[in-house]
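Step one of this worksheet: look at the structure below.
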2 protein chains.
Amino acid sequence: MPLVRVHNFTISLDGFATGEGQSFDAPFGHAGQRLHQWFFATSTFQGMFGPGGGSHGVDDMIASAWNEGVGAEIMGRRKFGPQQGPWDESEEWNGWWGEEPPFHTPCFIMTHYPRPSVEMKGGTTFHFVSAEPEEVLRQAREAAGDLDVRIGGGPTTVRAFLAADLIDLMHVVVVPIILGRGVRLWDGLEGLEERFDIESVSSPAGVVHMTFQRRPRE
Amino acid sequence: MPLVRVHNFTISLDGFATGEGQSFDAPFGHAGQRLHQWFFATSTFQGMFGPGGGSHGVDDMIASAWNEGVGAEIMGRRKFGPQQGPWDESEEWNGWWGEEPPFHTPCFIMTHYPRPSVEMKGGTTFHFVSAEPEEVLRQAREAAGDLDVRIGGGPTTVRAFLAADLIDLMHVVVVPIILGRGVRLWDGLEGLEERFDIESVSSPAGVVHMTFQRRPRE
C-alpha cells in the first residue's frame, strides 16, 4: 500500500506553521522567511527553481526525501494562494510557483470553491476539490497509482489528515523561534503520540528534525 | 554577577508545561507523569529523595546541572501546591516534597496570599512573597549571596520572568507528546529568540534538550 507522507513541514517552537496576515506579498504572514531559512539554504530547495547551488549537509539530505516516490500532492487552499471565498475570474491565479511548479505531479487543492483543472508546465496539474480528507485522498491515490501521496500543507490541511488518521509518515522541522501568532499545527491532536513512533535529531543549523511513523494498525 | 537560571523545565511538543486540572492527586493535572518520564529515570531525580539508583547517561548529565551553584529558588504558587485563594489555616501545607525538600536553599513562593516563612529540614526555607518578579528576584538574590538564583517554575512564573527579561540561562526539555490543554510556556513571548543564543540536542531517550543563553546586554 502506498504511503501518505508529509515532508519538510516546518513549525516554530510555539507550534505555528504559518504566521498571521497572509497576503500576496507574505505567503507566511508575519513569519516572513523565518520559518524556512533552514530549507532555503539547501540544494533541495534551490534546485526546485533553477540550476541549483545550496548546501549538501544533513538538512539537505533529510529535505531531499520529499519528492522521491511521490505521485500526487494534496494541499490546502491557503498553501495555493491567499484568496478567500469565490475565485476572482478576472485574474487567473495558479499558485506562487510560476509557470513550472516544482511538484511535477497532479496536485489536489482542497477548496469550497472548485474551478476547472489547470495543466502547468513540467507535469504539474492543479485539481480543485471540495470534499472531506478521505475523498480527496481517494482521488489523489487514484492519480498516484503505485506511488505515494504527499500532504503538502498548510497546517489546517495537515491537521485535518492527522485527525482523520490518514498519515503514515510525517517529517516535522522545529525551528527555535517564537512566532506568537498564526496557525498552529498541534491543536486538537491530544494524544497523537500514541499512534506514532517518533524520532528526533538536531542538525548543526539549529533546527530539530522529527519523524512520525504510524504504528501498524491492528 | 550571579545568574538567573531555569533547569529541566519540560514541555510537550505543543508547548504545555503542565496539564489541565491540577489537584492534590495530580500535580501536573491530566498530563500525569508523561512530561517527566525522562527525568524520573535519571540518577539526578532519584537521588533527590533517597539513596539513588537511576541512569547516568546524557539525560542525567544534563539534568544534574540544576542545583550546582544555586543559592535560592523562586517558584510560583502552583508549583508549591494546588490551592487557590487564601490558605486554609486548618491544614498546614508545605509543598509536595515531604519534610526534607530537595532544594536545600531559601525558596521564594510567589503568591497573593503571604503567610509566615517555614523552615524545613535540610536547609530549605519557604518564604511567601506577594510582589512583581523584579522585587522577588531582588529578595532571592540577597538570600543567594554570590550564588545563582533558580526560577523553578511553573510555566506562568517562568513566562513572567522571561517577559521581564530577567533570565540568563534556560534549559527546556521538549517531550514528543501532544497534551492538547494545560498551561503553555511560550504565550506572549513572540520574538524571544532575538535575545538568546539557542542550542538543541536530542537524547537517546527521545527528548530534545534546548539551552537558551541570554546574549550580552548592550
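Every chain is numbered from 1, with letters handed out A, B, ... down the list of sequences.
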Is it the case that over 12 heavy atoms from other parts of the model lie below 6.0 angstrom from the [atom1] atom of [X]?
{"X": "A/E132", "atom1": "CD", "answer": "no"}
{"X": "A/H56", "atom1": "NE2", "answer": "yes"}
{"X": "A/E68", "atom1": "CD", "answer": "no"}
{"X": "B/D146", "atom1": "CG", "answer": "no"}

- prompt: Of the listed residues (B/G191, B/S203, B/P176, B/G188), which shares the most heavy-atom pairs with chain A below a 4.5 Å separation?
  reply: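 The answer is B/P176.
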- prompt: Among B/R34, B/M210, B/R181, who wins on heavy-atom pairs under 4.5 Å with chain A?
  reply: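 Max contact count across the listed options: B/R181.
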message: Please identify, among A/G180, A/S200, A/G206, A/S202, the residue contributing the most non-hydrogen atom pairs under 4.5 Å to chain B.
response: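 Answer, by heavy-atom pair count under 4.5 Å with chain B: A/S202.
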query: To the nearest 0.5 Å, what is the distance between CD1 (A/I198) and CG (B/L13)?
result: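 Nearest 0.5 Å value for the CD1-CG distance: 7.0 Å.
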- prompt: Just how far is it from atom CD1 of A/I178 to atom CG of B/L162, taken to the nearest 0.5 Å?
  reply: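 Result: 9.0 Å between the selected atoms.
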- prompt: Do A/V175 and B/E193 have side-chain heavy atoms sitting under 4.5 Å apart?
  reply: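 Not in contact.
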message: With salt bridge (Lys or Arg N to Asp or Glu O under 4.0 Å) as the criterion, how do A/D187 and B/R184 come out once you've worked through the C-alpha distance, each side chain's angles and the decisive distance to 0.1 Å?
response: CA-CA 13 Å; A/D187 282 1; B/R184 293 187 196 271; 3.7 Å; yes
- request: With a 4.5 angstrom heavy-atom cut-off, could you sort out which part of A/H30 is near chain B: side chain, backbone, both or neither?
  value: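 Just its side chain gets close to chain B.
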- prompt: Heavy-atom distance under 4.5 Å to chain B: side chain of A/V208, backbone, both or neither?
  reply: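 Just its side chain gets close to chain B.
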[X], part contacting chain A, at a heavy-atom distance under 4.5 Å:
{"X": "B/L185", "result": "neither"}
{"X": "B/F196", "result": "neither"}
{"X": "B/L179", "result": "backbone"}

Evaluation steps, side chain to side chain contact (heavy atoms under 4.5 Å, CB included), between B/E190 and A/D14: CA-CA 9 Å; B/E190 181 180 339; A/D14 49 344; over 6 Å; no
